[in-house]
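Note that this is a predicted model, so its numbers are computed, not measured. Counting starts at 1 for both ligands and their atoms, following the listed order.
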Amino acid sequence: MHSDVFSLSRILPFFFALLFAATAAHAEDGYDLWLRYQPLEQGGRDLYRPQLRQLVIPGSESSPTLNAIEHELVRGVGGLLGHSPTVDGRIRGDGFVLVATPQRSADVRAAKLPLNALGDEGYLIRAITVRGYRGTVIAANSERGLLYGGFHLLRLLQTRTSLDEVSISSRPRLGLRLLNHWDNLDRSVERGYAGQSIWDWWNLPDLLDPRYTDYARANAAIGINGTVLNNVNASAYSLTPRYLAKAAALANVFRPYGIRVYLSARFSAPVEIGGLKTADPEDAGVQRWWNTKADEIYKLIPDFGGFLVKANSEGQPGPQDYGRSHAEGANMLARALKPHGGVVMWRAFVYQQDNPDDRAKQAYSDFVPLDGQFDDNVMVQVKNGPIDFQPREPFHPMFGAMPETPLMMEFQITKEYLGFASHLAYLGPMYEETLRADTFAAGAGSTVANVIDGSLYGHRLTGIAGVANIGAARDWTGSIFNQANWYVFGRMAWDPRLGAEAIAREWIKITFGSDPQVLSIGLDMMMASRQAVVDYMTPLGLAHLMATGHHYGPGPWVSDLARPEWNPTYYHRANQYGIGFDRTREGSNAVAQYAPRVASRFASRREVGDDLLLWFHHLPWDYPMASGRDLWQELVYRYDRGVATAHKLQTQWQMLESKIDPERFDKTARLLAVQVREAKWWRDASIAYFQSVSGRALPEGSAKPEHSLAYYQQQQFPWAPGH
Ligand code: GCW
């Protein structure tokens, strides 16, 4: 018999080797986001080990939040250093980390730390000596502050920052730091490109996917403190008892992580699920219905955050259906939530079918006259860009123009208009560009960041929202680099003055480790990526040239849609003489919605800058550009430049092959190939079209589009995701 050949002792090692290979293959599939906690290199471990011997978190047995912090630190430090700290009730020697509020720890009280200015979410991290022992303290006024401090400590390790003499104090500049999920109850996600919704509505509240906890951890790690669970194109069913119980189950999972649940409310819910004849905000029965609904919600979710509302926008119901204003509609809901401490986030994304005015002007025209009429628990949520989340838009003119009303920023993290999940486009530079834009509303330095953080006009309620790019995909966001957009949103929500580049550095180190080549090439790729997308999709201030409905790919020729402002031709206005949207006084005069300093810059062809040129100006094809090229040549040049950068991203990534684990390397490489192909498609189709309009020859050295214009126009994508 040869049985000894197959005896257990012989095959066991193979079995384990196989098992290891199988787990190793999935070890880095992106699921862990910025909570990877992979072992640091030896030097890093040696550095931190003596400093992280012991964890002291008084009260962690009884508090879910402290317990979560303890788990995270044990797991994080254990993973990064290869050995877990001991967990102790009191400090026993050098190398402790004490995590406590003054209420919980006499040592923190004795240290007389400057906690006053930290508010209820801030924290400090300091090197400290307690009874002769040296260690680190994370202190805060609240457990949520400790949570953020704990994650910050892990970030210090992940980015190899020294703890010697550490002295950090941090508090968020914005109060509400929210994700907006455009997730539907059937698990589809509007503008979602990373699979189905992570909310398994059907099986909630009975089944609690462990993903919900990981979602909360990932968000808490970057300071997100709220989430709107359902699409702004809302179903009234979200407010029925059955679905409220599901939302409550999620709220229970998120609560220890400082994350509150909010819901999008459908304005006509009293009719649709309440059996009323009207949803008129001035109707006493309607008001009563919402008051009762709010009571019901707060019974289930005592810390419910409030409602997000899309009203009288793109076919959604709203107060204007009853001749009432946005303020009257918002205030009715606000009064229902007020006794419970909830807020209303009322979206300003409106434009009317019957309004012939420039779409870029309509939100301002509707909302600015209402300044001063909103209740004090209403915030108006304004999109990034007066049109709609385009690859580049000027900042929205409402910022700075409504001193009496707290305005929230709404960024889109999911890349509806920037290549879906497949293209690499790091959005940090786009967010930074907007947040740092100076509105000049109250003199120089009135940046958008200062408007939304409340400092400019002294608002107490402040906030920012990001339309999530999260789905059930194993890597959450459809690509590794898309994770950086969720990450940078959270970090900038905490502090809108942080720079995109610094955050990218941090993210690369956490995501790929500390190799200097990975850092420098990765950084280069990320920082070039958004401009590349602008160049190959909508260069020189053009906007909304995407194909109809699904917005996948180019459609600059589209001109036959029911509403004028749905047509790309409405936005670029190209003809045989020139291109661009005249928003100066001679045109739509959208410039007049900005403060005079900004208005005169935008109105000047010379001062506005190439990046926004055609947003504000209609110019002849032979208009002389600063580069020495004429406008037509510059347009083609930008398209070519975008494609060239897409190619470069691909070659740069290839250089990192030996430094990145195979699964993440390979997926990224494949997506970069998609990007190259689609960048070229965008460029070729756009040039074929604009050439047909301008009648101009291609500049020397610029390749002829691969196919005829008709070919590009015939492309159809009935099953494009997210639509
Ligand atoms: O950008 C547009 C999207 C719609 C979206 C709308 C909005 C949720 O194409 O899908 O609807 O904006 O922000 O309300």
Side-chain angles (χ1 to χ4, degrees), residues 178-194 197 227-236 238 262-268 307-318 320 326 329-330 345-353 359-360 362-363 366-367 380-393 396 398 407-421 425 427 430 434 464-471 489 537-538 543-553 555 558 561-563 565-568 570-571 717 720-723:
L178 310 191
L179 288 180
N180 287 183
H181 286 266
W182 286 359
D183 295 21
N184 299 312
L185 301 184
D186 65 1
R187 273 192 106 162
S188 63
V189 181
E190 183 155 350
R191 311 310 176 182
Y193 313 103
S197 169
T227 180
V228 184
L229 298 174
N230 60 324
N231 191 354
V232 288
N233 289 330
S235 161
S238 291
Y262 298 72
L263 289 171
S264 293
R266 185 159 164 93
F267 201 78
S268 52
F307 293 137
L308 171 64
V309 188
K310 172 175 177 177
N312 294 120
S313 162
E314 299 185 329
Q316 294 300 310
Q320 293 178 340
H326 284 291
M345 297 163 292
W346 192 269
R347 293 177 89 226
F349 177 67
V350 297
Y351 56 99
Q352 301 295 348
Q353 185 151 12
R359 174 172 160 189
Q362 294 187 26
D366 265 22
F367 277 86
V380 172
Q381 182 166 309
V382 183
K383 264 192 188 183
N384 181 35
I387 302 270
D388 194 354
F389 297 142
Q390 294 301 296
R392 176 172 276 120
E393 297 192 38
H396 201 298
M398 281 175 67
L407 299 187
M408 276 177 87
M409 169 63 77
E410 179 177 310
F411 282 130
Q412 199 179 38
I413 309 173
T414 189
K415 305 204 307 300
E416 175 181 359
Y417 297 103
L418 288 104
F420 289 12
L427 301 179
M430 181 169 92
T434 301
I464 188 166
V467 179
N469 60 350
I470 298 164
F489 169 75
M537 288 189 185
T538 54
H544 223 300
L545 306 183
M546 293 75 191
T548 307
H550 49 66
H551 298 154
Y552 174 65
V558 175
L561 302 179
R563 292 171 62 158
E565 75 287 342
W566 280 353
N567 290 303
Y570 169 93
Y571 295 99
F717 304 96
H723 184 35

Undergrad: Please report whether ligand 1 has a polar contact with Lys383, defined as an N or O pair separated by less than 3.5 Å (distance criterion only).
TA: yes
Undergrad: Would you kindly specify which portion of Gln412 sits under 4.0 Å from ligand 1, judged on non-hydrogen atoms: side chain, backbone, both or neither?
TA: neither
Undergrad: What residue and heavy atom of the protein are closest to atom 8 (C) of ligand 1, and at what distance?
TA: Asn233 ND2, 3.3 Å
Undergrad: Who's the nearest protein heavy-atom neighbour of atom 14 (O) of ligand 1, and how far?
TA: Lys310 NZ, 2.6 Å
Undergrad: What class does the angle between the rings of Phe420 and Tyr552 fall in, given that below 30° is parallel, 30 to 60° is tilted and above 60° is perpendicular?
TA: tilted
Undergrad: With atoms numbered from 1 as shown, which atoms in ligand 1 lie under 4.0 angstrom from a non-hydrogen atom of His551?
TA: 9 (O)
Undergrad: Would you name the heavy atoms of Ile387 and Phe349 that are closest together and state the gap between them?
TA: O-CE1, 3.4 Å
Undergrad: Nearest protein heavy-atom contact for atom 6 (C) of ligand 1: which residue, which atom, what distance?
TA: Glu314 OE1, 3.3 Å
Undergrad: Give the residue, atom name and distance (to 0.1 Å) of the protein heavy atom nearest atom 3 (C) of ligand 1.
TA: Glu416 OE2, 3.2 Å
Undergrad: Looking only at protein heavy atoms, which one is nearest to atom 10 (O) of ligand 1, and what is the separation?
TA: Glu190 OE2, 2.4 Å
Undergrad: So is there a nitrogen or oxygen of Asp388 less than 3.5 Å from a nitrogen or oxygen in ligand 1?
TA: yes
Undergrad: Any atoms of ligand 1 less than 4.0 Å from a non-hydrogen atom of Val232? List them with their elements.
TA: 8 (C)
Undergrad: Under 3.5 Å, side chain of Arg187 to main-chain N/O of Ser197, donor-acceptor pair present?
TA: yes
Undergrad: Between Gln390 and Asn384, do the side chains contain a donor N or O and an acceptor N or O under 3.5 Å apart?
TA: no
Undergrad: With Phe389, which residues qualify under ring pair (Phe, Tyr, Trp, His ring centres under 6.0 Å), at least two apart?
TA: none
Undergrad: Any nitrogen or oxygen of Trp182, side chain or backbone, less than 3.5 Å from one on ligand 1?
TA: no
Undergrad: Tell me whether Arg191 is salt-bridged to Glu416, with the criterion being a basic N under 4.0 Å from an acidic carboxylate O.
TA: yes
Undergrad: Report the relative orientation of the aromatic rings in Phe367 and His326; use parallel for angles under 30°, tilted for 30 to 60°, perpendicular for over 60°.
TA: parallel
Undergrad: Distance alone, cut at 3.5 Å: any donor-acceptor contact between the side chains of Gln352 and Gln320?
TA: yes
Undergrad: Which ligand 1 atoms, with their elements, are less than 4.0 angstrom from a heavy-atom of Phe349?
TA: 6 (C), 7 (C), 12 (O), 13 (O), 14 (O)
